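Provided herewith is a single structure, encoded as C-alpha cells, for subsequent inquiry.
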Amino acid sequence: MIELALPAGTIKEAITAFNAGADAVYFGMKEFSARKGAGNFSAEDLSRIRRFALENRKKIYITVNTLIDDSSLSELYTTLKTIDCYGCDGIIIQDLGVASIIKRDFPELPLHGSTQLAVHTVSGVKALQKIGFERVVLSRELNLQEIREIRKACPDIELKVFIHGALCYGFSGLCMASHLITGRSANEGSCAQICRSWFYCNETGERAYPFSLEDLDAGRLVRDLMDAGIDSLKVEGRLKGPEYVDAVTRYYRAIIDGKDEKPYKHAVAVSFQRKCGTGFLLPLNPNHREITTGPFPGHRGEEIGRVLDQRGRKLLVESERRIKQHDGLMVLLHDKGLEAPYRFPARVVEARGDRTILTLPDDTRLPSLAPLYMISDSSLNMKAISTSLPLMKKSFPASITVESCNITIEAGETKAEYEITTEDSSKSAIEVISTIFSQSGESFVQLSPIEIINRTGMELFYINPSRLKNIRRDFLEKLSQQTEDKREYKTAETEANDSLILPPRKLIAGKRTPWNLDGKEIDGRTYFSFPAVRYDEAKVFNEIEEKAVKAVNPVIGLNNIGDLLFCWKHPEYAYFADIYLYLANRETASLLKELVPSLTGGYLWLEREKYEAPWPFAPTIVKDYRPPLFISRACYRHDGLGLSCKDCTKHNTFHAEQNGRKYIIYSDDCNTIVCEEERERKTFTVNSL
C-alpha cells in the first residue's frame with residue numbers, strides 16, 4: 001500500500017495527521033529546517049512523537065533540508081546527535097555535506113533526498129542512490145509520464161511525489177528571488193515568497209501576479225501514481241494548522257482506500273486553498289489552462305454563490321451551501337488590475353432556501369453578481385489537541401542490591417552506592433523498591449527490567465519511600481549523564497590541493513541562461529556548464545560529449561546531482577562545481593572530490609563570501625554575478641500574461657518592474673528564466689567580448 005505523508009509544523013499537526021489516517025509525518029527540528037516559520041520540534045517533542053509512532057506503527061521523517069556553511073557544522077552535529085538518539089524513519093536533506101556526515105557518523109539514519117535537490121531526471125535519482133540515499137523526493141515540475149519513466153529506470157530506490165499544497169514558481173532549491181531581493185535565503189528556510197507578490201508587467205501595462213502558481217490538488221491522479229509504483233505521496237504545508245492537516249489527510253485517505261472523498265472536499269477548501277489544479281502532473285500542452293492564481297494569490301476557500309443585491313449594510317446572497325453564523329465569507333474587489341479580498345464574518349439576518357440576508361460590518365459596496373467564497377466554516381472548528389504524549393525513554397537493565405545500611409544500583413556502565421536505613425516490618429520493601437525504581441518521571445532514561453537482590457538478612461523490612469525516590473532521581477541523572485552522546489564534530493584532516501581558480505562567473509553564463517553548452521574559451525581553457533534543469537538529459541549529455549572532445553582543455557561545470565553520472569562515464573575530463581551544485585561547506589567539497597577525483601575546484605555557495613578552512617580545494621568566491629531569480633517550468637508568456645500559444649516563436653523576451661527594480665524575463669520553449677534587467681545587461685556586454 002502506498003504511503004501517505006503529511007506535514008507537521010508542530011507536534012499538534014503530527015498527532016492530528018496520525019489520528020486522521022496518515023501513515024507518516026515529516027517535520028523539522030528547531031534548526032536547519034526549510035520552514036523556519038513553522039513551530040518545529042524540540043528534542044522532547046521528537047521523543048514523544050517517536051514513541052507514539054513506534055507504538056502505532058507509523059513513521060516519522062525529519063527535515064534537515066537547508067544549506068549549511070562551515071560555521072554551522074558543529075551546531076548541525078548537535079542536532080544530528082539528538083535525532084540519532086531517538087531515531088527516525090528517514091532524514092530529508094538538501095546539503096550533500098550533511099549526507100557525508102550522516103554516512104560517516106550516524107549510519108543508522110536513512111538518507112532521503114529533498115525536493116530542494118531539484119532531482120528531476122533518471123541520472124539524478126541514480127546518483128543519489130549510488131551515494132547511499134534510500135528515497136528521493138522528486139521535483140514538483142515532473143509530469144506523470146516522466147515520473148513513470150524514472151520509476152521504470154530506477155526500480156530499487158523509493159520515490160516520493162508531492163500531491164497537494166503550494167507550488168513554487170521556481171524549481172525548489174534553485175530559487176534565488178528571496179535572497180536577491182530581501183536578503184532572506186530560501187535555501188536557509190527563510191523564503192519571503194516573492195512569487196506571491198505583484199509585479200508591473202510592461203507588455204500588458206498592468207499590475208499582476210505572474211509568478212504566483214496555483215495550489216496542487218492531485219486527488220484525481222492519485223490512482224495513476226499508485227499504479228506507477230510510487231512509494232510515498234507527500235502533502236505540502238508545514239506552515240498550516242491542524243484543521244488543514246486533518247482535512248487533507250481524510251481527503252487523501254479516502255482516495256487511497258477507494259472510498260468517496262467528496263465529503264472532505266469542503267473541509268479541504270475552507271482550511272486553506274488558493275485556486276488549484278493538477279500543477280505540472282499533466283503535460284502542459286499548448287493553450288492549457290493557466291496554472292497561475294490570477295489576480296488574487298491568497299486563500300479563496302470554496303465558491304458557494306454570488307451577491308444578488310445590497311441595501312446599506314444589508315446584503316442579499318444566493319448560495320449553494322447553507323451559511324451559518326460566524327462562517328468566514330469573502331468577496332474579491334477589483335483594484336488596478338488586481339483583486340483585493342473583502343473578508344467578513346457571517347451575521348445571518350434571514351435565510352430562505354438558497355437565499356440569505358447578511359449584515360456587513362461596514363458600508364463597503366460589493367459588486368452585484370460577484371462570486372461569494374466561504375473561507376472558514378464555523379462547524380468545522382476542531383477541539384483542542386492534547387500533546388501530553390509519554391516520552392520515549394532509553395531502557396537499561398538494572399541490578400539493585402539491598403543491604404542493611406546501603407543500597408547499590410548498577411545499570412549500563414553506571415554504578416552507585418547510597419546509604420539507607422532498614423527497619424523490621426510486617427511488610428516486604430521489595431515490592432516498594434520495584435515500584436519506585438520502575439518510575440522515571442521526566443528523565444529520558446528508565447530502569448527495565450529490574451533485578452532486586454536482598455542481602456539485609458531480613459525477609460520483611462522497611463525503607464523510607466522518600467529516601468528511595470531521592471536515590472532514584474540521583475541515579476537516573478548519573479545514568480543519563482554517563483550515557484549522553486559526547487561526540488563532537490571534528491574537522492576532517494585534509495590538505496588543500498592545487499585547485500583551479502575559476503574565472504569570474506559572469507564570463508561562463510550564456511546569453512539567456514546562467515549555464516552554457518557551447519563552451520567559453522577563457523585563458524586557454526574551454527568552460528562548459530551543464531543546465532541545472534533539463535528534460536532530455538541524453539541530448540544534453542551527447543551535446544557536451546560532441547563539443548568537449550573538440551574543445552581546448554575542456555573544463556565542465558556541474559549544476560545538478562545528475563551530472564555525476566556524466567563524470568563517472570568520462571573521468572578523462574576536468575570538472576568544477578558550478579553555482580547550482582552548492583558548495584556550502586567543506587564536507588560537501590570533500591564528498592564531491594571523493595566522488596569525482598578530477599574535480600578541479602568550484603564556486604562557493606553564492607550566498608556566501610567566505611568559508612572556513614580546511615577544504616580539499618580553495619573555492620572561487622562569486623562576487624560579480626547575480627543569478628536568475630527564478631528558473632521555472634511555467635511559461636511566463638502563457639501562464640503569467642495569459643497570452644495565446646498561437647503564433648508563439650518559442651523564444652520570447654518580456655520586462656517587468658517591482659518597487660523600482662527592473663526585470664527581464666526569458667520565455668524559451670515554454671520555460672522561464674527571470675533576471676534583474678540592468679545587472680544582466682552588463683553581463684551581456686562582457687559576454688559579447
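On a predicted model such as this, the values are computed, not experimentally measured, just so you know.
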If you count heavy atoms of other groups shown closer than 6.0 angstrom to CZ of Arg455, is the number above 12?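 No - once you tally the heavy atoms of other residues, nucleotides and ligands closer than 6.0 Å, there are 12 at most.
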Donor-acceptor check, side chain of Ser47 to backbone of Ala43, threshold 3.5 angstrom: yes or no?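 Between the backbone of Ala43 and the side chain of Ser47 there is no qualifying donor-acceptor contact (under 3.5 Å).
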Between Asn19 and Thr16, is there a side-chain donor-acceptor contact under 3.5 Å, judged purely by atom types and distance?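 Per modelled atom types, Thr16 and Asn19 side chains form no pair under 3.5 Å.
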Indicate whether the side chain of Ser440 and that of Lys393 have a donor and an acceptor atom separated by less than 3.5 Å.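 There is such a pair between these side chains.
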Verdict with reasoning, Glu477 to Ser480, per side chain to side chain donor-acceptor pair (under 3.5 Å): CA-CA 5 Å; Glu477 184 176 347; Ser480 179; over 6 Å; no
Expected output: side-chain Ser434 to main-chain Ile430 donor-acceptor under 3.5 Å: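 Absent.
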Are any side-chain N or O atoms of Asn585 and backbone N or O atoms of Ala589, one a donor and one an acceptor, separated by less than 3.5 Å?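 No; zero donor-acceptor contacts below 3.5 Å.
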Measure from the side-chain N and O atoms of Arg140 to the backbone N and O of Ala166, and report whether any donor-acceptor pair falls under 3.5 Å.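 Yes: the side chain of Arg140 pairs with the backbone of Ala166.
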Would Lys130 and Glu594 satisfy salt bridge (charged side-chain N to carboxylate O under 4.0 Å, His left out), going step by step from the backbone distance to the final call? CA-CA 13 Å; Lys130 185 170 181 178; Glu594 177 187 337; over 6 Å; no
Take Thr63 and Arg238, measure what side chain to side chain donor-acceptor pair (under 3.5 Å) needs, and give me the verdict at the end. CA-CA 11 Å; Thr63 59; Arg238 278 188 283 151; 3.0 Å; yes
Is atom NZ of Lys593 surrounded by more than 12 heavy atoms (other residues, nucleotides or ligands) closer than 6.0 Å?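 Buried by this count: over 12 neighbours within 6.0 Å.
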Is it true that atom NZ of Lys490 has more than 12 heavy atoms of other residues, nucleotides or ligands lying nearer than 6.0 Å?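 Check fails, neighbour count at 12 or below.
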From Ile463 atom CD1 to Ser425 atom OG, the distance as rounded to the nearest 0.5 Å: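 Nearest 0.5 Å value for the CD1-OG distance: 10.5 Å.
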Run the numbers on Glu410 and Thr414 for side chain to side chain contact (heavy atoms under 4.5 Å, CB included), then give the verdict. CA-CA 6 Å; Glu410 295 183 66; Thr414 303; over 6 Å; no
Does the ring of Phe437 carry Arg472 above it, NZ/CZ under 6.0 angstrom from centre and within 45° of its axis?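 No, Arg472 does not sit over the ring of Phe437.
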Determine the interplanar angle of the Tyr61 and His112 rings, folded into 0 to 90°, and report it as parallel if under 30°, tilted if 30 to 60°, perpendicular if over 60°.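 Because their plane-to-plane angle lies in the 30° to 60° range, the rings of Tyr61 and His112 count as tilted.
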Basic-acidic side-chain contact under 4.0 Å: Arg50, Asp89: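 Salt bridge between Arg50 and Asp89, a charged N being under 4.0 Å from a carboxylate O: yes.
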Could you walk me through whether Asp84 and Arg487 satisfy the salt bridge (charged side-chain N to carboxylate O under 4.0 Å, His left out) test, starting with their C-alpha distance in whole Å, then the side-chain angles of each, then the deciding distance to 0.1 Å, before giving a yes or no? CA-CA 12 Å; Asp84 190 54; Arg487 292 178 295 172; 3.5 Å; yes
Side chain Tyr252, main chain Ala218, donor-acceptor under 3.5 Å: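 A pair under 3.5 Å: yes.
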Go through the steps to decide whether Ser395 and Gln446 satisfy the test side chain to side chain donor-acceptor pair (under 3.5 Å), and finish with yes or no. CA-CA 5 Å; Ser395 294; Gln446 64 182 5; 2.7 Å; yes
Working for side chain to side chain contact (heavy atoms under 4.5 Å, CB included), residues Ser232 and Arg135: CA-CA 9 Å; Ser232 182; Arg135 174 181 284 187; 3.7 Å; yes
More than 12 heavy atoms of other residues, nucleotides or ligands under 6.0 Å from CD of Glu431: is that the case?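 No - once you tally the heavy atoms of other residues, nucleotides and ligands closer than 6.0 Å, there are 12 at most.
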Going by distance alone, is a donor N or O of one side chain under 3.5 Å from an acceptor N or O of the other, for Asn187 and Ser185?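 Side-chain D/A pair, Asn187 to Ser185: absent.
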So, Thr66 versus Glu188: side-chain donor-acceptor pair below 3.5 Å or not?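 Side chains of Thr66 and Glu188: no pair found under 3.5 Å.
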Can you say whether the rings of Tyr489 and Tyr77 are parallel (under 30°), tilted (30 to 60°) or perpendicular (over 60°)?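 Ring orientation, 0 to 90° scale: tilted.
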Please test Glu587 against Arg104 for salt bridge (charged side-chain N to carboxylate O under 4.0 Å, His left out), starting from the C-alpha separation and ending with a verdict. CA-CA 11 Å; Glu587 295 285 347; Arg104 183 180 67 231; 3.1 Å; yes
Does a donor on one side chain sit under 3.5 Å from an acceptor on the other, for His266 and Arg321?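 Their side chains do contain a donor-acceptor pair, which is all the 3.5 Å distance test asks for.
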Is there a side-chain contact between Asp95 and Thr588 in this structure, where contact means two heavy atoms from C-beta onward sitting under 4.5 Å apart?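 Side chain of Asp95 against side chain of Thr588, heavy atoms only: contact under 4.5 Å found.
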What I want to check is whether the side chains of Tyr251 and Asp217 have a donor and an acceptor closer together than 3.5 Å.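 Judged by distance alone, the side chains do pair up.
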Keeping Arg253 on the side-chain end and Gly21 on the backbone end, is there a donor-acceptor pair under 3.5 Å?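 Flag set: sc Arg253 to bb Gly21 pair under 3.5 Å.
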Lys59 (side chain) donor-acceptor with Asp23 (main chain) under 3.5 angstrom: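 Pair absent, no side-chain N/O of Lys59 close to backbone of Asp23.
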One thing to verify: whether Arg151 and Asp231 come together as a salt bridge, which I'm taking to mean a side-chain N less than 4.0 angstrom from a carboxylate O.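 Yes, Asp231 and Arg151 are salt-bridged.
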Backbone N or O of Met226 within a donor-acceptor pair of the Arg223 side chain at under 3.5 Å?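 No, Arg223 side chain to Met226 backbone: no donor-acceptor pair under 3.5 Å.
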Take Cys276 and Gln273, measure what side chain to side chain contact (heavy atoms under 4.5 Å, CB included) needs, and give me the verdict at the end. CA-CA 7 Å; Cys276 63; Gln273 185 171 272; 3.7 Å; yes
In terms of side-chain geometry, is the basic nitrogen of Lys265 or Glu261 positioned less than 4.0 Å from the acidic oxygen of its partner?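 A salt bridge is absent here (no side-chain N lies under 4.0 Å from a carboxylate O).
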Rounded to the nearest 0.5 Å, how far does CD1 of Ile561 lie from CG of Leu96?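 Interatomic distance, Leu96 CG to Ile561 CD1, rounded to 0.5 Å: 4.5 Å.
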Distance-only donor-acceptor check, side chains Arg467 and Asn470, under 3.5 Å: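 No donor-acceptor contact under 3.5 Å links the two side chains.
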Is the ring centre of Tyr244 less than 6.0 Å from the ring centre of Phe272?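 No, ring centres 6.0 Å or more apart.
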May I ask you to check if Lys234 and Tyr26 form a cation-pi contact, with NZ or CZ under 6.0 angstrom from the six-membered ring centre and within 45° of the axis?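 Flagged: Lys234 positioned over aromatic ring of Tyr26.
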May I ask you to decide if Ala384's main-chain N or O and Lys12's side chain share a donor-acceptor pair within less than 3.5 Å?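 Absent.
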Stepwise salt bridge (charged side-chain N to carboxylate O under 4.0 Å, His left out) test for Lys324 and Asp327: CA-CA 6 Å; Lys324 306 173 295 301; Asp327 286 345; 3.1 Å; yes
Test side chain to side chain contact (heavy atoms under 4.5 Å, CB included) on Lys394 and Thr483; report intermediate values, then the result. CA-CA 10 Å; Lys394 284 190 173 182; Thr483 58; 5.7 Å; no
Would you find a donor on one side and an acceptor on the other, under 3.5 Å apart, between the side chain of Arg196 and the backbone of Gly298?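 A pair under 3.5 Å: no.
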